[in-house]
Protein chains: 2
Amino acid sequence: MRKRTYSCGLDAAVDIVGGKWKALILWALHHEPRRFGELKRSVPGISEKMLIQMLREMEAHGLVHREVYHQVPPKVEYSLTEFGQSLNTALIPLGVWGEENMRAIEAIPRD
Amino acid sequence: MRKRTYSCGLDAAVDIVGGKWKALILWALHHEPRRFGELKRSVPGISEKMLIQMLREMEAHGLVHREVYHQVPPKVEYSLTEFGQSLNTALIPLGVWGEENMRAIEAIPRD
DNA sequence: CGGCATGCTTACCAAAAGGTATGTACCCGA
DNA sequence: TCGGGTACATACCTTTTGGTAAGCATGCCG
């Protein structure tokens, strides 16, 4: 989130979904609400710091909902809001594209 | 481009389209091939350095085609490959989402 | 009492992304 | 000879992003 005006819708969407992790977290929440630890396990490679940071931003952006259960040990559940759902839906074709072309993408030489 | 394996298609797609500019450049090339200067004008805010850097990467990734015309003054045209077209198509819903929600996105307080 | 589990939080650091400014090479027309 | 237009390249710097490691609060279980 850095701009106040966008040149087009894609510009705005990229700004929201930007970074390496948010799309993956959204994806992981697609089917059901998840706890912190579950999310960490279902987004391989993410650090706790990044996960929290992204969750907090996404909460502030109205994409996810955070529900705290006052238990011991503590339990916190994250779920998609309507807004988050709609973004997730818009990401589906991109996910499909990625799956269809994963071989080609993996074959790209990285310097 | 940093990984060799992806946890899902979205992961791979985000890796390719990553950053602030590539999606916008792809978008700008959607309808017709464009020259360097035209692109610069149609992606507001981008610096020449970033534009070249992104174009080079996208060429290396097989998303765009670069055609040099040996003229004076020089002319270089960039166009989408089939691969680039397919990615662009997958980005359409995201662009639509961004347009529909642009007001909401702009209203998000930053920090 | 001590260890474990959960869900964070903090400090510190490295790498990548991005921006500004300037320079290059070419030829043309004034 | 000078400036302008095209398409870059390069150096330098700042900001953003991401990673590691450690610590904290809580209460249960043995």
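Everything quoted here is computed from the prediction, not taken from an experiment. Lettering follows sequence order; numbering is per chain, from 1.
Checking side-chain atoms of A:S7 against main-chain N and O of B:P44 turns up no donor-acceptor pair under 3.5 Å. A:N88 places no side-chain N or O within donor-acceptor distance of the main-chain N or O of A:G84, the cut-off being under 3.5 Å.
The residues A:K75 and A:E67 are annotated as not salt-bridged, no charged nitrogen and carboxylate oxygen being separated by less than 4.0 angstrom.
In this structure, CD of B:Q53 is placed 14 Å from P of D:dA11, rounded to the nearest angstrom. If you take CE of B:M50 and P of C:dA17, they are 9 Å apart, rounded to a whole angstrom. Note: CG (B:L51) to C1' (C:dT20) measures 16 Å, nearest angstrom. The interatomic distance linking B:L39 (CG) with D:dT6 (P) rounds to 13 Å, in whole Å. When rounded to the nearest whole Å, the span between CE of B:M54 and C1' of D:dA9 equals 15 Å. The interatomic distance linking B:L55 (CG) with D:dA9 (P) rounds to 11 Å, in whole Å. Distance CD1 (B:I46) to P (C:dA17): 14 Å, rounded to an integer number of Å. Put simply, CD on B:E57 is 10 Å from C1' on C:dA17, counting in whole angstrom units.
In this structure, A:E59 has no side chain to side chain donor-acceptor pair (under 3.5 Å) partners at least two apart in sequence or on a different chain.
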B:M102 vs A:Y6, side chain to side chain contact (heavy atoms under 4.5 Å, CB included): CA-CA, chis, key distance, verdict: CA-CA 8 Å; B:M102 197 175 297; A:Y6 297 102; 4.1 Å; yes
In a table with atom names and distances, give each donor-acceptor pair under 3.5 Å that connects a side chain of residues 27-38 of chain A to protein atoms at least two apart or in another chain.
unit_1, atom_1, unit_2, atom_2, d
A:E32, OE2, A:R34, NE, 3.4
A:E32, OE2, A:R34, NH2, 2.8
A:R34, NH1, A:S42, OG, 3.1
A:R35, NH2, A:P74, O, 3.3
A:E38, OE1, A:R35, N, 2.8

Indicate for each nucleotide in nucleotides 3-9 of chain C, in 5' to 3' sequence, whether protein heavy atoms under 4.0 Å reach the base (B), only the sugar-phosphate (S), or nothing (-). ---BSBB
